[in-house]
Every structure is written in structure tokens, then in C-alpha cells.
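Working notes, structure below.
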Amino acid sequence: MSENYQPHEIEVKWQQRWDETEIYRSQVDWDRPKHYALTMLPYPSGDLHIGHWFAMTPSDARARWMRMRGYNVLFPMGFDAFGLPAEQAAISRNIHPWKWTYSNIERMRDQLRSMGAMFDWEREAISCTPEYYRWSEWFFKKFYENGVAYRGSALVNWSESLQTVLANEQVIDGRDERTGQPVVHKMMEQWFFAITKYADELLDFDILDWPEPIKIMQTNWIGRSEGARVSFRTEVGAHPIEIFTTRPDTLWGSTFMVLAPEHDLVGVITTKEERAAVEAYVQQTAVETEIERMLEDREKTGVFTGAYAINPVNDERIPIWIADYVMITYGTGAIMAVPAHDQRDFEFARAQDLPIRVVIQPAEMEDLLGAEDMAEAYDGPGTMVNSDVMDGSMSTKDKGRANPAIGRVIDWLEATGKGEESVNYRLHDWLISRQRYWGSPIPATYDDGAIEMVADEDLPVVLPEDVDFMPTGRSPLTYHEPFFKVDDSVRRETDTLDTFMCSSWYQLRYLSPDNDKAPFDAEEAAYWLPVDVYTGGAEHAVMHLLYTRFFTKVLRDIGVFDAASAVMRQKGRDPERAFDEPMVVLRNQGQVLGAERQGDYVLCSGRFLGGKMLANRVEVVGWNEVPAGFDGYFGEIVHRTENVIRLDMAGVTQLVEILPDAEIIIPEIAGENNVNQLRHHLEIQRMSKSKGNVVNPDELVEKYGADAVRCYLMFNFDWQKGGPWNENNIKGPQGWLHDIWEIATDGAPEVEGDPAGERDIERKLHQTIAVVNRGLEEFSFNTAIAEQMKFKNSLKGALRERQIGPATWKSVMNQLIRLMAPFAPHIAEELWERLGFEYSVHLASWPAYDAELAREEQVELVVLINGKPRGTIEVAVDIERERALELALASEAAQRGLAGKAPKRTIFIPGRNGSDPKVNIVV
RNA sequence: GCCUCCGUAGCUCAGGGGUAGAGCGCUCCCUUGGUAAGGGCGAGGUCAUGAGUUCAAAUCUCAUCGGAGGCUCCA
């Protein structure tokens, strides 16, 4: 009888031993292939949650697997430690951000250790330390010197609730992405990074193996559109209005212009008569938030400025309006309105009774399209009309120059000097300064307004500790004279850097966190970069993941990687493109969701038969909307299979069978409804403290052990999808670990074994290795574990049948333990030791897959009649076509199917990678 | 409205032109000195629906229905 599996004892024991023996230290070794596995660093919020485990432990398993396969693996960890929550804690709890952050880090480090991950803690980097932010400042300075960082005036996002400006990427639907509070636009002088210079390169994902959705999101965010810029003269003199259009082929259809209310020229061109109305409208728009302006189906409003512009293509005089449907933040903040071919302009023209002129005649329409008949704008393909020299040009559905009409018009605009080809981006430069305390100082000073960068030897500009944190709309540092006052005429910059800047280069700091001569060591960079596999959440798609790509490209261009490139060349590696992108492969994990769920509440009426209702009418209603006197069933649908639903009626479950012609009413879903649209209890929600459905990993580790939690997270979800939490399912992986423990600690079987049985278990082992390899390769951790469970079941069966002798047992256990080591590192290490193998299993090599050993010898030949399986014959795996056909035709199934007739056709399908061979006989 | 991805056993998920699979759950039986457990047997699926291509479709194509995520006065 063996000793019981006590996860705690062995987990703590091995975590200490691993630390002491430094088996996770990673060092440059030019003789070995490298693998830089990186998982997104946590923000030290105070507690590790299950999402961290879900992101990190599978990443750890994969890093461990790479290591066992012979790669020199770097798998570091650190903390993204600047940011608002620390400052908020300082304000609300009167605790200094340093203290709050550091105590959180201490705590989270312990929690991270309890995962049993192979983090190399010697490489830990914490972004709020002077040793770290010194280099954030240094990069800022380099950016400035190379024209990438600049100070400029722009309309920026201002958050009232946070009392700071924010980058566009941090504003979602007009709200601050962190607090959900509305932001307003303000004209302010701020620091920017010129990310727009890199827009086109950032659209190129050629060398990246990244998830498609992330690439799409970044592409959408950058929002490249091709078109033309055209300048419209106004009648007030030297104030032309620049517009950008993607549809220069509709220029002749422009019957008015619209400026955003915030546009600079509004004050200049408005006539005396219209001034009062215009000012009132501008005022009204200013108090509205972005959110209100973006509401869908909003009535188009606007006012006439009294001014007119001249359309350069036909010298027509057209009125200039202002309206809030034109955004100052996109393009030039002004548009030429073409109501016939743009839906927004169409709605505005109808609302304001402005003329509409058709200039694209739909191709398939016989009669000329008349403006007065239009119910909506026509934005499809057609022939240009009413457009002078351009008449007859074909406008297709294509965008940019791919559309012949657009190409022709652009050429003509350029030839006549009326306009030019232009590319517009939705992306704006990255606003990098913040009016907050808890961030890296910006190493700039102002001498009578002239910007100077702090000298390298004076870096870092240290963040002072004794400041008052109350947000006032100005950085707390502006009240701290010892900080900002350099001398009588020189004043220090008091804004701080966006924390996203600090996290844009942390992967470089891990290379040499203690280096005080450079942000990173050239040889380390030459060896480890780029990151081979990056794992983390998809919520960073257009923030962190775009910023870090931009950052890397800037560093490359300003020569920060030159020394590393030189080392690479010297070591015989090709630096070409090595520093173009920070992370080659990216994989996003899904989200672990809470277990909460709710189904539709329904009213069912019909007749009763054998204890269940046969319903001819089912209506979805609110949970409290039972009509008085209703005598059918009312309850929540807790389950549905096909047309049978189970209703929860105040705790009692009732069965309802919905008749095929039953009337189904679901108010939320328009049109005729059907059974499949009825929702049963599957509404799942995100975990959140307010819903009270958070899962605490510490408690889980306490209850089941870290290995079981790791395996549960990897086994019970498709990692890239995530899913609902169901703690009950932890029994699966727990049972697996338990069984392996027993098989291992029971010791070698005292039986002779059976050669056929041993051969069979060896074959299954190698089939398992293949599946586990593929699972880890493809981040399909669930299949990798399921396969090992299957193997365990087979092994258990074979042992029970006394088929396995001691030698085979030992060899199988040796490989089995190595297979499970990446997933359950502690129990694997313990069993490895108990079976007398050399420390450590994590330094052992990965079991080699042998296709020959995995091959089946006997297989079932499937006999299909007209494609339907009708029988099987036991045959050798490598059966030849002739022999297979012969056997199949002679089989009883074939004889029955043919009924004496000759087959019309026979098809032989050889068995390949595990599938059985087949013969299809067409009768 | 547009873009991506997805619908396979009660649940969570593999597979993916050629016999429908895993874990958990469930039924029944055994064990009750491995015990908030263990062992064994078993049941469960028209692979969302409809049409097409094919000797053969869960798999490929199209449509419909349903789900998840993203974008959206983007000129």
C-alpha cells in the first residue's frame, strides 16, 4: 500500500529545492538554440486572480516543454508597476504609492511562486524602480533627439474623473477605458510620440504569426484610407478649406460643405447675420460629450454659416454649414458633402432642405437616377455623370486607385493643381504625457520656455516621495518646488509618462535588469531577441501590442540595436529583420468566466400527457410577468434538447414537449421564432467582484494543490477561447494525478508481463507522445492532457490484466513522468525522485516520438456499401489494394449488399495516420 | 450596418471527405480498513437547419437560424 498523495508537502518542498539549485536560471549559450517565451507581466493590483493563472500556467507548461526539447529557454516575470490605481490608493487610503505597490508586489511574488512556474526571478524587472525608469526616461530623450517625441498643441482627450489627459487608445466609445467615465476634448499642449510616421509599417504583419482578430483590430485602428485632398476657396479671402475624401469621383456632386463646430475657420468665415446662431450651436455642441454625439440614428442638426465656398472642379458656389456629425478628430475636420452618394450627407440635406445632385449613375439602372426619387444615398458602382470631362468614367466598388474613376479624377486633380492624392489615417500620434504623479518623470526642462533634455549623466530624474497626491488637473509635481525648480529661470517638466510607455520595452529589460550602463546588454539582446512566443490577453490589441511594435521599430531606426546586430553578425547569426518586431508569435488566451447562468422565462400552454405538457404555445416573458389567471406552466428554461424543454418552476422541474406547429413568441427576436431560439441556462458572465463570482487561486491551491489547479485550467478549457468556471470538473485532472501517483508509488509489478501487452502499451505511449507534442505546439493544452488521461486508463487496465513486467513498467513510467512534467511539475518531480531517476525531471530530455513504435500492426478493414459502413475485417496495417478489395468483396457484408450483382465501382482508401483502411463498394 | 471566429454527447471540448471521440456528469453493479473515497459494466449524438458537390459530407459550397468578439456618423 502506498503513501497518499499530499500535494502541499511536495509542492512547497520542490519549489524550495528548485530555488536552491537554481534550475530555472537562464543564461546565454551560443551553442544552444534559444527560445524566449514571454507572458504579459501583471499590474500589481494586490492579488493574483484566476485569470493570471489561466494566462501564465499554460505558458509555463509550453516553456517547460521547449526546454525539455533542448532549447535554452528564457521565461521571465516582472511587474508593470506605475499607474493610476496606486495613486488612487494613496488618495483614498492615505498610503504612499511606493508602499502600496511594493507590498502588493511582495504578496504577488509569493502567489506567483505557488504556481510552480519556471520563472527566472533573477531577471525580474519592476517598472517603477529608478533603475528601470531611468531607461524609460533615456528612451524618451532619444526619441526627442530623433524627432519621434515632440511637444505640440492638439485637441486631446481630457478625463474629468482622472484629472489627466489620455491617449486615444485609452478612450473607448468616448469613455475612459479604466473608469468608464466620459472624456471631453480640450485643446492642450502636450507631449506626443509620432506613431503616425510608422502607420504604414505597422500595417505590415508579414513576419508575424499573430491571431487574425488582433491584426484586424490593429488594421482598423490605424484606419488607413486612400483618397484625395482638395482645397476649396472661400469668399472671405485667404482661408481655403482643406478636405479629405475617399470619393473624389463624386466631387461634382458636392452641393454644400460642412465644418466640424470646433473647426478653426468657423469663427473666421461666419457672417454677421449668422453669428448668433452659429455661436449658439458651437456652444451647444461643446457641452455634449462624444458619447452623445455618437449615438446612432441621431437627427442630423447643424446651422448655416452664411459663407460660401467655390467647388474647384466646377467653380460652383456652395454654402458652408457646421454640423456635429463632422468630427474635428478625423481627417481635416471638414467635408465636401455629396448627399446623393453619402448617407450622412443625404440625411443632412433632407433635414436642411439642401440640393442633392446625382453624379454616379447606377450601372444596371435604365432610367437616369433622379435625386427626388431617392430614399437613401446611392454608394454603389456606376458611371460618372454631370461631371464635365469625367463623364462616362466607371466607378467600381473598389477603393482608392483600384477604382478607375477615382484614379482618373486624382490624376486630373493633380494635373490641374486642384488637389492631390492623399492617404488619411484614423491613427493619431500617441499622447504620452499625464498630469499624474505615479509614473516615470519626463526628463525635460524649460528654460524660458525653451525645451532642454536632462543630460544622460543626470538620469534618472527621480520621482520625489513627499508629494501631495490630490488630483487637481495639474500634475502633483507642480506643487513640489524642490522637484520642478532647477534654478530661477529653469523649470522641470512636471507631467509624467503614460505607463504604456514603460511596458513597451519591458521585454528588453528582462535581458539584463541590473545593467546600469545601458537599457539592455547587447549580447543578451543578440542572443535572445526577438521574443519567440508571447502570450496574454486580447484586451491589449490596440494599446500595448501596437505601442510595443512601434517602440521596437523606433529603437531599430535610431540605432539602439546596432551593438546587438554587430554581436549577431560576429556570432554568425543574421540580424536582418531581427529587430523589426518585438514578438514573432502571439497567442491570446480566452477568459475564464463566472458560473452564473440564466435561461428564458416562458409561459407554456397546451395539453398534458403522461406527466409532461405538449405545448402548442410558448411565450418568452419577463420573470415577473405572469398574467393573472394563467393556467399553463411558467418558469425558467433550465435545459433544452431539440423540442423538449425542462422548466424550473419555483424549484420544481417540469418537462414540456413543444409540438412541431406550436406558436413560439420571443419578443426580442423579430420575425417568426423557432424552438432553437429559446435560450436555456447558458448565459455566462465575466468574473467580477461586484457579481461575487470571483475564484481565489490561493484557496484552490489550498484545497487541491497547484498541480491540480494548473491541470484543471489547461484541461477544462480551450485555452484560446476560455469558458465558464465549473469547479466540479477539477475532479478530472485531480483523479488523473491521483491515479498516476498510485501507479508510480505502488512500485514495479511483480509479474512477468506479456510481450503483446507490453508492445501494445509502448505503442499507445508513442501515440500519446505525438498527440501531446501537437497539443503543446498548438496551444491546445486540453487535448494534450486528455490524451495522457487516456493513456493512464490504458496503462491501468494493462497493469490490472498483469500484462506489464517490471522492466517495461519502469521504462513507461520514466517517459510518462517526463510527459506530465510540464503540466504538473511538482508531482512529476516527486515521482521522478521516488522512482530513483536523477534530479531533476525538468532537466531531463523530452521523450522522443518513434513513429515505428506508434504504428498499429493489425487494423480493421471497413467494408462500405454505397458509402455506408456494413462490416469489418481484421487485416494487416499495410494491406495492399488488391488484397483488400478481394477480402472486401468476399465478405458477408459485400455479398449481402451485392445480392449476386457485380459492383458498379470499388474504391480502396488506404489507412493513414491512425485511420482504418476502407473499401467502398458502389452497387 | 460591416468584419472575424464558432454551433459535435447533459457539461467542457477534440476530430474534420471514408466505422462519431475524450474528460467530467449520469444509470446499474461491486467495494465500505485507500473513504468528504475506490473499482467495474453501461446508456447518451440525424455532428444547428435546409439545399448543393461527391461513389461517399459532421467534414467542402451556398443559404437560413443561433452564439462570441471587434469596428462603426471614419468623410
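Since we're looking at a predicted model, the values are computed, not measured. Lettering of chains follows the sequences in order, A, B, ..., and the numbering in each one begins at 1.
- Contact annotation: A:Lys721 side-chain N/O to B:rA14 OP1/OP2 distance is under 4.0 Å.
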>> Dot-bracket for RNA chain B, please. Rules: Watson-Crick or G-U, both distances under 3.5 Å, ( ) within the strand, [ ] when a pair crosses earlier ones, | for another strand, . otherwise.
In response: (((((((..((((....[..)))).(.(((.......))).).....(((((..]....))))))))))))....

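- Going from the C1' atom of B:rU54 to that of B:rU61 covers 12 Å, rounded to whole Å.
- With sequence neighbours excluded, no residue forms a ring-ring contact (aromatic ring centres under 6.0 Å, His included) with A:Phe715.
- When ring centroids are compared, A:Tyr704 and A:Tyr712 stay outside the 6.0 Å threshold.
- When the C1' atom is used for both B:rU35 and B:rA43, the distance is 27 Å, rounded to whole Å.
- In this structure, A:Gly722 reaches the sugar-phosphate backbone alone: every heavy-atom distance under 4.0 Å involves primed, P, OP1 or OP2 atoms, never a base.
- Listed by chain and residue number, nothing satisfies the ring-ring contact (aromatic ring centres under 6.0 Å, His included) test with A:Phe791 (two or more places apart in sequence, or in another chain).
- For A:Phe244, the ring-ring contact (aromatic ring centres under 6.0 Å, His included) criterion is met by no residue, not counting sequence neighbours.
- At B:rG23, one or more side-chain N or O atoms of A:Asn793 fall inside 4.0 Å of OP1 or OP2 (strictly under the cut-off).
- One N or O donor and one acceptor, one from the side chain of A:Lys300 and one from the base of B:rC73, sit under 3.5 Å apart.
- Residue A:Arg344 places at least one side-chain N or O closer than 4.0 Å to OP1 or OP2 of B:rC74.
- The nearest whole Å value for the distance from the CD1 atom in A:Ile222 to the P atom in B:rU72 is 14 Å.
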> Where along nucleotides 35-40 of chain B does protein come under 4.0 Å, by heavy atom, of base (B) or sugar-phosphate alone (S), with - for untouched nucleotides?
Replying inline: S---SS

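- In this structure, the CZ atom of A:Arg247 is 11 Å from the P atom of B:rA75, given to the nearest Å.
- With rounding to the nearest 0.5 angstrom, the CD atom of A:Gln788 is 5.5 Å from the CG atom of A:Leu819.
- Considering only residues two or more places apart in sequence or on other chains, A:Lys731 meets the salt bridge (Lys or Arg N to Asp or Glu O under 4.0 Å) condition with none of them.
- Against the 90° criterion about 0, the sugar-base torsion of B:rG44 places it in the syn range.
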Kindly list each side-chain donor-acceptor pair under 3.5 angstrom involving residues 793-801 of chain A, sequence neighbours excluded, with atom names and distances?
from, atom 1, to, atom 2, distance (Å)
A:Ser794, OG, A:Lys790, O, 3.2
A:Lys796, NZ, A:Asp739, OD2, 2.9

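- Between the P atoms of B:rC24 and B:rG33, the separation comes to 25 Å (whole Å).
- Taking atom CD1 of A:Ile907 as the reference point, atom P of B:rU54 lies 13 Å away to the nearest angstrom.
- Annotation: B:rA63 and B:rC6 have their P atoms spaced 16 Å apart (nearest Å).
- Residues satisfying the salt bridge (Lys or Arg N to Asp or Glu O under 4.0 Å) test with A:Asp707, not counting sequence neighbours, are none.
- Contacts with RNA chain B (heavy atom under 4.0 Å) in residues 251-258 of chain A: none are found.
- Between A:Arg905 and the phosphate of B:rC55, there is a side-chain N or O to OP1/OP2 separation shorter than 4.0 Å.
- Atom CH2 of A:Trp321 and atom P of B:rC73 are 23 Å apart (whole Å).
- The salt bridge (Lys or Arg N to Asp or Glu O under 4.0 Å) check on A:Asp209 picks up A:Arg587, with sequence neighbours excluded.
- Residues passing the side chain to side chain contact (heavy atoms under 4.5 Å, CB included) test with A:Arg426 are A:Trp221, A:Tyr330, sequence neighbours excluded.
- Only the C1' atoms considered, B:rC65 is 8 Å distant from B:rA48, to the nearest whole Å.
- For the P atoms, the distance from B:rG17 to B:rC3 is 26 Å, rounded to whole Å.
- A close approach under 4.0 Å does occur between a side-chain nitrogen or oxygen of A:Ser225 and OP1 or OP2 of B:rA75.
- Of the P atoms belonging to B:rC60 and B:rC5, the separation is 13 Å, rounded to the nearest Å.
- Taking atom P in both B:rC11 and B:rG16, the straight-line distance is 23 Å, to the nearest Å.
- Under a 3.5 Å cut-off, the side chain of A:Asn782 and the backbone N or O of A:Trp719 do not form any donor-acceptor pair.
- Separating the CG atom of A:Asp718 from the C1' atom of B:rG7 is a distance of 14 Å, rounded to the nearest angstrom.
- The residue among A:Pro213 and A:Met217 whose nearest nucleotide of RNA chain B lies closer to the 5′ end is A:Pro213.
- Nucleotide B:rG23 holds its C1' atom 13 Å from the CG atom of A:Leu737, rounded to whole Å.
- In the set B:rU19, B:rG15, B:rG23, B:rG23 carries the atom at the smallest distance from any side-chain atom of A:Met789.
- Without hydrogens or angle criteria, A:His341 side chain to A:Ile360 main chain gives a donor-acceptor distance under 3.5 Å.
- The interatomic distance linking A:Asn220 (CG) with B:rG69 (P) rounds to 17 Å, in whole Å.
- Note: NZ (A:Lys790) to P (B:rG23) measures 8 Å, nearest angstrom.
- Residues passing the side chain to side chain contact (heavy atoms under 4.5 Å, CB included) test with A:Ala199 are A:Ile222, A:Tyr425, A:Leu427, sequence neighbours excluded.
- By the 4.0 Å N-to-carboxylate-O rule, A:Glu212 lies close enough to A:Lys215 to be salt-bridged with it.
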